[in-house]
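Side-chain atoms are counted along with the backbone in the values below, which use heavy atoms only and exclude waters and symmetry mates. A, B, ... follow the sequence lines: proteins, then strands. Residue 1 opens every chain. This is a predicted model, so every value here is computed, not measured.
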Amino acid sequence: MSECCGPGQPCCGGVPAAVYDYGPTPYTVGQVDTFAGPVPQVATQLSPADARGAVRVRMGIARNDFRVRPGLYAVGRPDDSSQVLVTANYKLSFDTVRSQLDGRDLWLLVLDTNGINVWCAAGKGTFSTSEIVDRVRDVRLEQVVSHTRLVVPQLGATGVAAHEVRAATGFSVVWGPVRADDLPAFLDAGMKATSQMRRVEFPLRERAKLVGVELSVLWRRRTLVVAAVLLLILAATWKLAPALVAPLLTTILVAVLAAVAGAAVAPLLLPWLPGRAFSLKGAVAGLLVITPAYYFVFGVGSVPLWGWGLLAIGVAATSYLAMNFTGSSTYTSPSGVEWEMRRAIPLQALGAVAGVALAIFALVRG
Amino acid sequence: MAGLRYIEEVVTLALDAKLCNGCRQCTMVCPHAVFELVEGRARIADKGACMECGACSRNCAPGAITLKPGVGCAAAIINGWITGGEPSCDC
């Protein structure tokens, strides 16, 4: 289970799991009466407010309150023969699902995953067999529909055992497509998924979205504080030790470039960077980004000795940052990541320590 | 997937074909098409593509599939090293 750890996914945000006030539900537009009582009906067109919310999440603002009240919802005017689609109460997932169902009559069973997306919640055990079983009983689903099928997103399978759901509730699980965009085609084909609908990919578009979230860290308060402190140190250095201004400016440059290389360039160029280990891809991305900058700052053949030290630190940092992107990727196994880390971390540490030693040595010697 | 493949040799996935009942769940839940069905029994077709998410083993009623499931995430593994427990992305 990958993808959950990255900053692109909300499970790292420390979402409180306790009592939660879901607030108003602007996504409901009416209600449908059933034998189990009235069921809220959801809009299948997203509102400007929904779109704004999505942008805020991608920018790293508003995250904790981005959840939907769990329970049963109606799409269109469903009846007892309509299909039941299961999803998570992460608002972005919920919005994507309902916007794909325009013009259809279906039931939507929203599980309480603490506002976390399906795949991630399945890995963490909140999108689970027991949550489905409890929710099916809670909404008295057997009184709402006369069939015994639940369409569960395939990525929920990490946390949901179809045979256990069936044993506990009588409902059998039909695995839906990986992507909500494929729901219309899946439903039109009589709930048959093509092999393409079952595959998880990691295309440039997906990686670019995650990079946006990674870079949103740049306008967080902590980053701005660090920048202000650096400016003060720089000003003091200018007065007290003018010889150190150039190394300090270069250090800041290398730090920014390493962050951009590790958090943006490496993820974007992932398929084209050499090797399979993310740490190796990251080291190459670091060289690709920092070396041209050195060319402009120092020119060819005139990089000072401390500059080589800073380069080593920058490449080590980029490698480490890129290695952490394994958590946002969709294809790295934990065994593989651990294998990579046991080899890469000592090398990264060696590079950083050697770089620091070289830079200090060069500056002390003058 | 567009040439994106990870370190393959260390994947912990294993299948005991004798226990397989041919229910096809593994071929449906796997996000990387690791399994195929041959003559009514599951077979590992592409072990190197496995990301150890554990969807197949959880949905294998006869328990024919074994692996060490978890999060393929460096931060989670570091957390596990620090706390001495299981890797966790509760960062």
Side-chain angles (χ1 to χ4, degrees), chain A residues 1-6 9 11-14 119-120 122-124 129 154-164 173-175 178 193 195 198-204 270-272 276-279 320 323-341 344-345, chain B residues 1-14 21 23-36 45-63 65 67-81 86-91:
Chain A
M1 246 334 289
S2 226
E3 203 186 39
C4 295
C5 258
Q9 299 302 329
C11 36
C12 272
W119 206 7
C120 188
K124 296 174 86 72
T129 304
Q154 182 194 329
L155 292 184
T158 299
V160 175
H163 55 281
E164 290 169 13
V173 169
V174 178
W175 296 112
V178 163
S195 56
R198 297 245 174 270
R199 299 287 298 250
V200 166
E201 311 274 345
F202 201 33
L204 184 61
L270 206 58
W272 302 287
R276 293 192 172 186
F278 280 42
S279 45
Y320 183 81
M323 193 177 73
N324 272 289
F325 192 68
T326 50
S328 299
S329 85
T330 59
Y331 68 99
T332 54
S333 65
S335 299
V337 175
E338 184 156 356
W339 185 90
E340 159 172 1
M341 288 170 71
I345 290 178
Chain B
M1 54 147 69
L4 279 174
R5 292 182 71 91
Y6 197 51
I7 298 154
E8 307 194 10
E9 297 75 18
V10 292
V11 167
T12 55
L13 177 70
N21 63 8
C23 74
R24 290 177 179 270
Q25 285 289 318
C26 56
T27 66
M28 284 189 278
V29 298
C30 176
H32 290 295
V34 167
F35 298 94
E36 63 182 6
D46 187 4
K47 182 173 171 181
C50 174
M51 63 180 292
E52 302 178 321
C53 72
C56 54
S57 58
R58 183 172 295 273
N59 281 280
C60 184
I65 300 170
L67 81 160
K68 196 169 151 247
V71 287
C73 165
I77 292 171
I78 290 173
N79 270 354
W81 287 348
E86 286 293 300
S88 141
C89 61
D90 280 318
C91 23

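Taking all atoms of both residues into account, the shortest heavy-atom contact from A:Pro334 to B:Val71 is CB-O, 3.4 Å. Summarising the geometry of B:Ala75 relative to A:Asn324, their closest heavy-atom pair is N-OD1, 3.5 Å, with the distance given to 0.1 Å.
Using a 4.5 Å cut-off between heavy atoms, B:Cys23 makes no contact with chain A at all. Residue B:Cys56 does not touch chain A at all, counting heavy-atom pairs closer than 4.5 Å. Looking at B:Ile78, the atoms closer than 4.5 Å to chain A (heavy atoms on both sides) sit in the backbone and in the side chain alike.
Heavy-atom pairs under 4.5 Å with chain A peak, among B:Ala61, B:Cys50, B:Pro31, B:Cys30, at B:Pro31. Ranking A:Ile345, A:Leu270, A:Thr129, A:Val160 against chain B, the residue ahead of the rest is A:Val160, based on heavy-atom pairs under 4.5 Å. Chain A forms more heavy-atom pairs under 4.5 Å with one residue of B:Asn59, B:Ile7, B:Val10, B:Ile77 than with any other, namely B:Asn59.
Note on ring orientation: taking the six-membered ring where Trp is involved, the planes of A:Phe278 and B:Tyr6 are perpendicular (angle over 60°, cut-offs 30° and 60°).
Each of B:Glu52, B:Lys47, B:Lys68 was checked for a side-chain hydrogen bond (donor to acceptor under 3.5 Å, both in side chains) with B:Thr12, and the lone residue meeting it is B:Glu52.
Ion pairing between A:Glu340 and A:Arg276 fails under the 4.0 Å rule for side-chain N and carboxylate O.
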